[in-house]
Amino acid sequence: MQRLHLQSRANARTGGFSLIEVLAVVLILGLLFAFLVPNLFSGQEGVKRRATQTWITQLSAEIEAYEREKGAYPASTFSTDLDPKPSRTNMGIEALVIALLPADGSYRATGSFDDRLCNTDGDTTKTSLTRFQKSDAFELSDEWDNPLVYLHRRDYEKGCQYLTYHEATSEFVEEKVKAAVNPTTGSPYRPDAFQILSAGPDGQFGT
């Protein structure tokens, strides 16, 4: 019986983990977490960036097709005869949606925009100005669910007010957005056409 008792105590010593071993495992897991999570987050942001760049390229092709058919790029302001008009916040991208997807069917965009529609500022009109039944003043969003900025060359300097969600402050902020400028030349990119801009992961233009 004494031999069995001693064997049982030996098994108890070898069957578990010491406090030092447990702390070592916790430390290793903590280090892995500290290194892997930022890299995983960075990887996800990279995927969103590439998806937004691809989406902007596709949308640009739609605008070029519009120009070939209509003889001019879509305006980034509401036409004077448009009644009723949405609010002026996010006006450029809202005007683009109306041009590409008009209620009267005067132009038919080739792409599908349904999964990109949003209404960040929540404005509506009395009747629908697009081919959709709802009378929302729709915008087109990036991968972070913020509206894209659309600016016709005429409005590069004037700019437009846009409402986006700022990740750092966890609140919606409205700011005036002007055309992006080439730092080498001091002139706007695509000076004879249009610009499409995304606020990116932080929701702030120009960062």
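The first residue of the sequence shown is numbered 1, and numbering continues consecutively from there.
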Quick one: does [X]'s side chain have a donor or acceptor within less than 3.5 Å of a partner on [Y]'s backbone?
X: Asp104; Y: Ser106; value: yes
X: Tyr162; Y: Ile93; value: yes
X: Ser76; Y: His152; value: yes

Open item on the list: Give me each pair satisfying salt bridge (charged side-chain N to carboxylate O under 4.0 Å, His left out) with a member in residues 151-170, each pair once, sequence neighbours excluded.
Closed with: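 Pairs touching residues 151-170 that pass the test: Asp155-Lys158, Glu157-Lys178.
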In Å, rounded to the nearest 0.5 Å, how long is the span from [atom1] of [X] to [atom2] of [Y]?
X: Asp145; Y: Glu139; atom1: CG; atom2: CD; result: 11.5 Å
X: Ile56; Y: Gln195; atom1: CD1; atom2: CD; result: 10.5 Å
X: Arg50; Y: Gln53; atom1: CZ; atom2: CD; result: 8.5 Å

Modelled atom types, side-chain donor and acceptor of [X] and [Y], under 3.5 Å:
X: Thr164; Y: Asn146; result: no
X: Asn90; Y: Thr120; result: no
X: Glu62; Y: Thr110; result: yes
X: Asp202; Y: Thr207; result: yes
X: Gln133; Y: Ser128; result: no

Identify the two heavy atoms, one from [X] and one from [Y], that lie closest to each other, and give their separation to 0.1 Å.
X: Gly200; Y: Asp142; value: N-OD2, 4.0 Å
X: Pro86; Y: Ala137; value: CB-CB, 3.6 Å
X: Leu100; Y: Tyr66; value: CD2-CD1, 4.0 Å

Task: ILVMFWY cluster, Tyr107 and Leu129 together (side-chain gap under 4.5 Å) - done: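 Tyr107 does not cluster with Leu129.
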TODO: Examine Ile98 and Phe113 and state if one hydrophobic cluster contains both, with Ile, Leu, Val, Met, Phe, Trp and Tyr joined whenever side-chain heavy atoms are less than 4.5 Å apart.
DONE: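 No.
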- [ ] Carefully, step by step, assess Leu148 and Leu59 under the rule side-chain contact (heavy atoms from CB on, under 4.5 Å).
- [x] CA-CA 10 Å; Leu148 292 171; Leu59 184 56; 4.0 Å; yes
Connecting only ILVMFWY residues whose side-chain heavy atoms lie within less than 4.5 Å of each other, what is the rest of [X]'s hydrophobic cluster?
X: Leu163; answer: Tyr165, Phe172
X: Val181; answer: none
X: Tyr189; answer: none

Under a 4.5 Å cut-off applied to non-hydrogen side-chain atoms, are [X] and [Y] in contact?
X: Glu143; Y: Arg116; answer: yes
X: Pro74; Y: Ile63; answer: yes
X: Glu45; Y: Trp144; answer: yes
X: Asp136; Y: Thr130; answer: no
X: Glu94; Y: Phe138; answer: no

Task: Test side-chain contact (heavy atoms from CB on, under 4.5 Å) applied to Thr169 and His166, step by step - done: CA-CA 6 Å; Thr169 60; His166 283 203; 3.4 Å; yes
- [ ] For a side chain to side chain contact (heavy atoms under 4.5 Å, CB included) with Ser135, tell me which candidate from Thr127, Thr125, Asp123 qualifies.
- [x]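 Single pass found, and it is Thr125.
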TODO: Kindly determine whether Ile196 and Leu151 satisfy side-chain contact (heavy atoms from CB on, under 4.5 Å), including the steps that lead there.
DONE: CA-CA 7 Å; Ile196 303 174; Leu151 290 172; over 6 Å; no
Open item on the list: Set out, in order, the CA-CA distance, both residues' side-chain angles and the distance that settles side-chain contact (heavy atoms from CB on, under 4.5 Å) for Leu140 and Tyr150, then state yes or no.
Closed with: CA-CA 10 Å; Leu140 297 171; Tyr150 171 71; over 6 Å; no
Open item on the list: Restricting to ring-ring contact (aromatic ring centres under 6.0 Å, His included), what partner residues turn up for Tyr156, sequence neighbours left out?
Closed with: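 If we apply the ring-ring contact (aromatic ring centres under 6.0 Å, His included) test to Tyr156, skipping adjacent residues, there are no hits.
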Open item on the list: Other residues, nucleotides and ligands only: do more than 12 of their heavy atoms fall within 6.0 Å of CZ on Arg131?
Closed with: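 Check passes, neighbour count above 12.
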Open item on the list: Give me each pair satisfying ring pair (Phe, Tyr, Trp, His ring centres under 6.0 Å) with a member in residues 68-87, each pair once, sequence neighbours excluded.
Closed with: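 Every pair satisfying ring pair (Phe, Tyr, Trp, His ring centres under 6.0 Å) with a residue in residues 68-87: Tyr73-Phe194.
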